[in-house]
Colleague: 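Below is a structure I'd like to ask you about.
These numbers come from the heavy atoms of this one structure, side chains and all, not from hydrogens, waters or symmetry mates. Counting starts at 1 for both ligands and their atoms, following the listed order. None of these values were measured; they are calculated from a predicted model.
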Amino acid sequence: MANDIGDLPEELSTLTKVRDGLQSGELSPVEVVEAFARNMDAGRRINAFITETIERAMDGAKMAAERLQGGEARPLEGVPVAVKDNFCTRGVLSTAGSRILHNFVPTYESTVTSRLWESGALLLGKTNLDEFAMGSTTETSHFGPTINPAGLKLGLENLTPGGSSGGSAAAVAAGMAPGALGSDTGGSIRQPASFCGVVGMKPTYGLCSRWGIMAYASSLDQAGVFGRTVRDVAILLDVIMGEDEKDTTSCERGCLNLEEALDTPMDIERVAIPREIRAAEATEEAELVWRKAEEMAREVGCEIVEVSMPHLKYALPAYYIIALSEASSNLARYDGVRYGYRAEEYDDLVDMYERTRAEGFGLEAKRRIMMGTHALSAGYYDAYYKKAQQVRAIVAEEFRQAFKRADLMLMPAAPAGAGELGVAIDDPLQMYLGDVFTVPVNMAGLPGISLPVATDKRGMPLGLQVIGPRFFDDKVVALADRIERALA
Ligand code: GLN
């Protein structure tokens with residue numbers, strides 16, 4: 001059975017093919033949903049889903065069939081997708097991977113998911129994640145870890161899919177959904193995409209509304225997507241991006257329609273490779289990806305420009321101050337009063353708050369609330385939070401300078417392939433260090449995509465990141481697509 005994981009008939013093997021087959025009438029929405037539901041069933045031990053919504057998808061598929069036949073098909077009519085469980089979905093359990101929301105059924109829909117449904121997509125289920133998207137392995141989830149399907153295919157039973165959007169990445173890798181929604185605060189889409197061998201992209205900060213996503217660190221959080229190809233990712237992003245009056249940090253897209261960008265000649269002449277971080281993070285696997293990056297850049301006709309970004313390495317510690325500070329504030333709302341878990345026994349109101357939070361949050365969430373609260377406290381604010389904001393500004397400036405010399409930048413998505421489950425959870429600092437290549441992108445609000453370009457000694461996938469200046473998401477997907485085609 002292990003070797004069947006992720007197998008799909010050719011016509012269902014990418015989201016693009018599913019969409020095109022549905023639009024042309026060669027595929028029927030009911031059969032499409034059935035095919036993915038079968039894989040969800042076969043791969044249940046992967047634990048990719050917290051909640052499955054097959055019945056709802058089947059009902060939707062019947063309606064989609066009518067629209068397709070009636071010539072009223074919308075862009076994603078009948079295309080099934082999986083959604084990370086930190087997006088609020090009306091009437092469907094939405095837990096953020098936390099005990100404190102284990103029973104939370106939202107009465108409203110996040111903006112990006114409502115855009116998916118309005119374009120005809122169907123919900124297959126809600127995927128597993130680290131609690132409140134805090135983690136890199138899915139092990140901080142109240143619902144247990146997800147298992148990496150790429151590992152299972154190699155007979156490696158116990159590898160992390162990465163995180164925090166590990167359930168979404170695994171669902172796409174295991175052929176349980178043609179595409180999936182994730183969120184990326186410091187790498188939670190790009191790193192699991194790398195670990196599972198799929199494509200994952202976070203767009204420029206602000207291109208997707210954050211409304212209805214359970215907040216982790218609001219100045220860094222951004223919705224994004226997974227697919228099997230760059231085009232899959234472009235198709236999904238085109239539907240979910242755009243300004244939303246409910247999120248004042250959201251904005252109109254300043255770039256081309258992304259799928260169109262793949263078919264439009266676009267000038268991409270120079271790609272940057274940052275020098276210092278390459279030398280400092282010279283793991284065997286990272287070096288393999290750096291070299292592959294250079295090879296692919298040449299192959300698609302780009303000149304390589306080495307740039308100096310000496311402060312890039314400080315993005316990581318600064319990120320963990322800023323993200324945790326914002327988390328400590330965002331998570332203050334979970335107090336047992338309005339929704340979610342409430343302690344069963346308590347003496348008075350304050351005791352109810354305390355017990356609810358003590359029992360409702362997991363260890364990692366508590367660690368982060370405490371560290372973030374400390375960083376924001378009166379005596380330490382200047383030393384930690386303010387300093388981290390200064391570092392953030394310097395990192396953003398270094399990117400700006402680099403993008404004066406090059407159109408885009410290349411970097412590995414992670415220092416290594418997927419690790420064993422059970423290791424990172426015991427050594428949080430080591431886990432944080434694994435985010436070194438992804439967090440700078442969030443700190444500067446840039447678009448970044450990860451696509452599989454190599455494998456490590458075990459055969460596990462390694463992802464390459466293509467990073468662009470803000471609002472050049474179209475160039476990012478265009479270069480990623482060229483690399484993907486050059487690899488094929
Ligand atoms: N691993 C990082 C963290 O734990 C990033 C998580 C994310 O992007 N949501 O903060």
Side-chain angles (χ1 to χ4, degrees), residues 83-87 96-98 127-141 145-146 160-169 180-195 200-203 205 208 210 213-226 315-331 361-372 375 388 392 413-416 418-419 423-425 427-450 463 465 467:
V83 172
K84 188 177 182 178
D85 209 23
N86 59 349
F87 288 83
S98 180
T127 59
N128 197 19
L129 70 158
D130 284 291
E131 184 176 12
F132 287 104
M134 297 170 172
S136 310
T137 63
T138 68
E139 288 166 288
T140 72
S141 169
T146 297
T160 172
S164 61
S165 316
S168 284
L181 226 54
S183 67
D184 191 311
T185 305
S188 277
I189 291 177
R190 291 157 289 150
Q191 181 257 30
S194 176
F195 283 10
M201 176 158 174
K202 95 165 261 295
Y205 181 83
C208 291
R210 287 179 295 106
I213 306 177
M214 280 96 159
Y216 163 13
S218 311
S219 78
L220 299 155
D221 293 346
Q222 185 61 198
V225 300
F226 294 91
L316 184 95
Y319 164 86
Y320 273 96
I321 298 288
I322 292 170
L324 275 45
S325 298
E326 293 185 20
S328 72
S329 162
N330 274 328
L331 268 51
F361 286 128
L363 273 182
E364 184 62 24
K366 283 180 194 158
R367 173 165 28 239
R368 293 182 183 216
I369 291 169
M370 284 192 276
M371 290 204 288
R392 182 176 193 172
V423 176
I425 196 80
D427 191 352
L429 191 59
Q430 206 52 43
M431 180 176 83
Y432 301 165
L433 292 173
D435 299 334
V436 61
F437 295 128
T438 46
V439 295
V441 174
N442 303 73
M443 292 287 269
L446 310 176
I449 193 170
S450 172
Q465 259 190 113
I467 299 163

Colleague: For ligand 1, give me the residues whose heavy-atom distance to it is below 4.0 Å, by chain and number please.
Modeller: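 Correct list: Ala133, Met134, Gly135, Ser136, Ser164, Asp184, Thr185, Gly186, Gly187, Ser188, Tyr216, Tyr319, Tyr320, Arg368, Asp435.
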Colleague: Checking Gln191 side chain against Gly162 main chain: does a donor-acceptor pair fall under 3.5 Å?
Modeller: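 Side chain of Gln191 to backbone of Gly162, a donor-acceptor pair under 3.5 Å: no, none is there.
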Colleague: Is a donor on one side and an acceptor on the other found under 3.5 Å between the side chain of Asp130 and the backbone of Thr137?
Modeller: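 Flag set: sc Asp130 to bb Thr137 pair under 3.5 Å.
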Colleague: Has the side chain of Thr160 got a donor or acceptor atom that lies under 3.5 Å from a matching backbone atom of Gly419?
Modeller: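 No.
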Colleague: Assess the residue pair Glu131 and Thr140 against the criterion (side-chain hydrogen bond (donor to acceptor under 3.5 Å, both in side chains)); give the C-alpha distance rounded to whole Å, side-chain angles, the decisive distance to 0.1 Å, and a yes or no.
Modeller: CA-CA 5 Å; Glu131 184 176 12; Thr140 72; 5.5 Å; no
Colleague: Quick check: does any side chain N or O of Asn442 sit under 3.5 Å from a backbone N or O of Thr185, one acting as donor and the other as acceptor?
Modeller: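 Checked: pair present.
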Colleague: If the test is side chain to side chain contact (heavy atoms under 4.5 Å, CB included), which one of Asn128, Thr127, Ile189, Ile213 qualifies with Lys84?
Modeller: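 Only one of Asn128, Thr127, Ile189, Ile213 forms a side chain to side chain contact (heavy atoms under 4.5 Å, CB included) with Lys84, namely Thr127.
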